[in-house]
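Worksheet for the structure shown next.
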Amino acid sequence: MAREYDRRNLDFILKEVFDTASLCNYPRYADYTPDMFDMVLDSADAIAEKYLRPIYVDSDRKAAELVDGVVHVHPGIEPYIKEMGESGMIGCTFDIEHGGQQVPSMIGGAHEFIRGAAHNSAVMFTGLSHGAAHLIASFGSKELADTYVPNMLSGKWTGTMCLTEPQAGSSLNDASTSAKDLGDGTYAIKGQKIFISGGDNHFSENIIHLVLARLEGAPAGTKGISLFVVPKKRIENGTLVNNEVVSLGVYHKMGQKATPALHLSFGDKGNSIGYLVGEPNKGLSYMFQMMNEARLGVGMGGAYIASAAYHASKQYANERAQGRLLTNKDPNTPPTLIKNHPDVQRMLYFQKAIVEGSMGLLFQCFMWDDLAKSLEGEEKKEAQMMLDLMTTVAKTYPAEMGTQAVNQGLQVLGGYGYTEDFPLEQMARDVRIMSIYEGTTGIHGLTLLGRGIPANNGAALQTLGKLVYADIAVAKGHESIAKYAGMLEKELENLTKVTMHKLGFAMKGEIEVFLADSTLYMELFGLITVAWQWLKQGHVAAAALAKGGLSAEDEAFYKDKIHTMKFFYHYEVPKALGLSTRLMDEEVLTIFDHK
């Protein structure tokens, strides 16, 4: 077990729940073996141990600074990026033809989970470079790909995504950064972007910005947005020269301080050159690839920070003696470890249930991604359809509930949790951004209920139902967990009723009423889908126990897995009742009438 995550649990999810070994049967991953997957994850442990864990606290205390126009970040970041580049792990999931290793998304995601648990802020640099390079490789010309992707995957250059503007946050309709066609295949970029993570640093030879901008005469709204590669330094006659990308300031963030968030200016003096990616006015559709990859990364962030907090608070509870058991009235007896107090046990199991349930949901999405890349025909379409539906949920549930889990970890430590003597206060600051990154929770609620559920006459929701009912049927075959399969079946039926009730407003044209409680619908939807993931994990554990022949360590692991599943069903699933009551309530209009 590493300090911030449980390798045994990660292996359980990858190997036993999702059978990553089966991916080796597809041509895309035929060059790999399960042992090779283990080696990839071992490399993540080595990187975390050598480069990330040692600088986690120090890079928070010594945040990035803008000095003489250059952003100076913690000196430990550079060797981490260099190691990731030299080991081929920045683009490990890329196609071979794009300079990658074609590692499954399941394994690439697990590699990031291990690194992120050790240092959640540092991994943003490599994650953004991965996403930006993948977008250029996917939609850019061969010339663009050849120029930028190899240097980004090597760690020599880093990458960013530039969407948000001072006057236009999540509302990209109002983005105003302009692009003027210079007639030679290049464009003059002018405008400002804010909150650009990793937007500048002192060590990268170049920083490659992917910028959303409007061509002159482009349609209003998102239909008129194009995508451009705008490097910090452009290439002229084989030499890198200044491209007028100016760092105006570093935002003083609550957490994740190792990764600076920049206010950038492009072409204020007319000398910032951009290169069009793909076709004009299709920029936002291209950017969605990077955004959706980042959304899974943000969900991972919620889960792996919560994992680190869980293991830190668990260690504290196993070392801190305070108070006596409720049944012990003798003040002369020594204090008991706080792990023996019922409410501390509840908080620890809450954290464990959220972390491991979130991991199930996230790796389910990574598996759909791998299947979408490996299958053909209708099976391929179905895997992609499920990934499209569930990405927004896999971003939101771990982000929201990961925050709650970290806060419960801080609560385990009591007053010490609020001090810098322990890492929980930093984790509480770091995790808070996850429900804001890549679209706030409210936006994702609108996306799920307003777009995902009605799409293709509800085809994705129907497919999800079939998958869940199939696992319910399997779980009913195990006496020890059949009760929980029945509980999930009832909750799924109730979710269907709630969904139809909400869609009824849409059919009547009452769109504001339909979407008013979409955040609550997202909360309910996430709760039920994570309950599904817990049932999957529960029936795998039950099957292993029924088979027998286990070591004492494995038997204890599987029993604890089932116990945590039961905790989730008895402590978390009942919350669905309150959410359903609100969502089925006809008294909605009063919210809008009282202004």
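If you're wondering where the values come from, they're calculated on a predicted model, not measured in any experiment.
In this structure, OG1 in T126 is found 6.0 Å from CD1 in I90, a value given to the nearest 0.5 Å. Rounded to the nearest 0.5 Å, atoms OG (S480) and NZ (K559) are 11.0 Å apart. Here the CE-OG1 distance, from M434 to T441, works out to 12.5 Å after rounding to the nearest 0.5 Å. The distance from atom CE of M359 to atom CZ of F366, rounded to the nearest 0.5 Å, is 10.5 Å. F567 CZ to I354 CD1: the interatomic distance, rounded to the nearest 0.5 Å, is 8.0 Å. The distance from atom CG of N407 to atom CE of M347, rounded to the nearest 0.5 Å, is 11.5 Å.
Side chains of S138 and Q289: a donor on one and an acceptor on the other come within 3.5 Å. No hydrogens or angles considered: a donor-acceptor pair under 3.5 Å links the side chains of Q351 and S313. Looking only at atom types and distance, the side chain of Q408 has no donor-acceptor partner in the side chain of Y349 under 3.5 Å away. Using modelled atom types and a 3.5 Å distance limit, the side chains of D58 and H74 yield a donor-acceptor pair. Looking at S121 and T259, their side chains do bring a donor and an acceptor atom within 3.5 Å of each other. Side-chain contact check for N25 and S22: no donor-acceptor pair (N or O, by modelled atom type) lies under 3.5 Å. For the 3.5 Å distance criterion, the side chains of H444 and T396 fail to qualify, holding no donor opposite an acceptor. Side-chain contact, T529 with Y397: no donor N or O sits under 3.5 Å from an acceptor N or O.
Minimum heavy-atom separation, A132 to M290: N-CE, 3.4 Å. Residues G526 and V393 approach most closely at CA-CG1, 3.8 Å, considering heavy atoms. In plain terms, the two heavy atoms of A110 and L41 that are nearest each other are CB-CD2, 3.6 Å. The two atoms that bring I207 and G198 nearest to each other are CG2-O, 4.3 Å, heavy atoms only. Across every non-hydrogen atom of G538 and M565, the tightest pair is CA-SD, 3.7 Å. Across every non-hydrogen atom of K476 and A482, the tightest pair is O-CB, 3.8 Å.
For the pair E425/Y418, no side-chain contact is recorded, criterion being any heavy-atom separation below 4.5 Å from C-beta on. Using a 4.5 Å cut-off on side-chain heavy atoms (C-beta onward), M427 and Y310 make no contact. Using a 4.5 Å heavy-atom threshold, the side chains of M522 and T392 count as touching. When side chains are defined from C-beta on, Q256 counts as touching N120, because their heavy atoms get closer than 4.5 Å. A heavy-atom distance below 4.5 Å is found between the side chains of K536 and Q533. M84 has its side chain out of reach of I81: every pair of non-hydrogen atoms, C-beta onward, lies at least 4.5 Å apart. M161 has its side chain within reach of M291: a pair of non-hydrogen atoms, C-beta onward, lies under 4.5 Å apart. At least one side-chain heavy atom of Y569 sits under 4.5 Å from a side-chain heavy atom of L488.
In this structure, the side chain of N201 engages the main chain of S204 through a donor-acceptor pair within 3.5 Å. With hydrogens and angles ignored, the 3.5 Å screen pairs no side-chain donor or acceptor of W534 with any backbone N or O of T564. A distance-only check finds no donor-acceptor pair linking the side chain of Y56 to the backbone of A118 [under 3.5 Å]. In this structure, the side chain of R429 engages the main chain of M254 through a donor-acceptor pair within 3.5 Å. When atom types are taken as modelled, the side chain of S129 and the backbone of F125 share a donor-acceptor pair closer than 3.5 angstrom. With hydrogens and angles ignored, the 3.5 Å screen pairs no side-chain donor or acceptor of K395 with any backbone N or O of L296. Panel note: side chain R320, backbone L413; no donor-acceptor pair is recorded below 3.5 Å. Side-chain N or O atoms of H341 include one that pairs as donor or acceptor with a backbone N or O of Q322 at under 3.5 Å. Without hydrogens or angle criteria, Q384 side chain to L371 main chain gives no donor-acceptor distance under 3.5 Å. No side-chain donor-acceptor contact under 3.5 Å links E112 to the backbone of V123.
Remark: Q411 CD is loosely packed, at most 12 non-hydrogen atoms of other residues, nucleotides or ligands lying under 6.0 Å away. Remark: K50 NZ is loosely packed, at most 12 non-hydrogen atoms of other residues, nucleotides or ligands lying under 6.0 Å away. More than 12 heavy-atom neighbours from other residues, nucleotides or ligands sit within 6.0 angstrom of CZ on F203. Enclosure of atom CE in M36 by more than 12 non-hydrogen atoms of other residues, nucleotides or ligands within 6.0 angstrom is indicated. Within 6.0 Å of CG on D31 lie no more than 12 heavy atoms contributed by other residues, nucleotides or ligands.
Annotation: cation-pi pair R432/Y437 absent, no NZ/CZ under 6.0 Å from the ring centroid and within 45° of its normal.
Between F363 and F18, the ring center distance fails the sub-6.0 Å criterion. In this structure, Y29 has its ring center no closer than 6.0 Å to that of Y32. In summary, the aromatic rings of H119 and Y51 are positioned with their centroids too far apart to meet the 6.0 Å limit. In this structure, Y5 has its ring center no closer than 6.0 Å to that of Y304.
In this structure, the side chain to side chain contact (heavy atoms under 4.5 Å, CB included) partners of K82, at least two apart in sequence or on a different chain, are E86.
Ionic pairing of K339 and E319 is not present here: no N-O contact between side-chain nitrogen and carboxylate oxygen is shorter than 4.0 angstrom. Salt bridge annotation for E553-R8: absent, with no cationic side-chain nitrogen under 4.0 angstrom from a carboxylate oxygen. Ion pairing of D42 with R7 is present here, as a side-chain N (NZ or NE/NH1/NH2) and a carboxylate O approach within less than 4.0 Å. Using a cut-off of 4.0 Å between Lys/Arg side-chain N and Asp/Glu carboxylate O, E356 and K561 are scored as salt-bridged. In this structure, D370 does not pair ionically with K373, as no charged nitrogen and carboxylate oxygen lie closer than 4.0 Å. For the pair E572 and K575, the salt-bridge criterion is met [side-chain N within less than 4.0 Å of a carboxylate O]. A salt bridge links R53 with E4: the distance from a Lys NZ or Arg NE/NH1/NH2 to an Asp or Glu carboxylate oxygen falls below 4.0 Å. By the 4.0 Å N-to-carboxylate-O rule, D471 lies too far from K466 to be salt-bridged with it.
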Salt bridge (Lys or Arg N to Asp or Glu O under 4.0 Å) evaluation trace for D38 with K15
CA-CA 10 Å; D38 287 337; K15 298 178 180 181; 3.0 Å; yes
With side chain to side chain contact (heavy atoms under 4.5 Å, CB included) as the criterion, how do I338 and Y316 come out once you've worked through the C-alpha distance, each side chain's angles and the decisive distance to 0.1 Å?
CA-CA 9 Å; I338 64 171; Y316 183 87; 3.8 Å; yes
Is there a side chain to side chain contact (heavy atoms under 4.5 Å, CB included) between I528 and W532 once you walk through the steps?
CA-CA 6 Å; I528 302 308; W532 167 43; 6.0 Å; no
Show, in sequence, the C-alpha distance, side-chain angles and deciding distance for Y484 and H570, and conclude whether the ring pair (Phe, Tyr, Trp, His ring centres under 6.0 Å) test is met.
CA-CA 10 Å; Y484 301 94; H570 288 287; 5.5 Å; yes
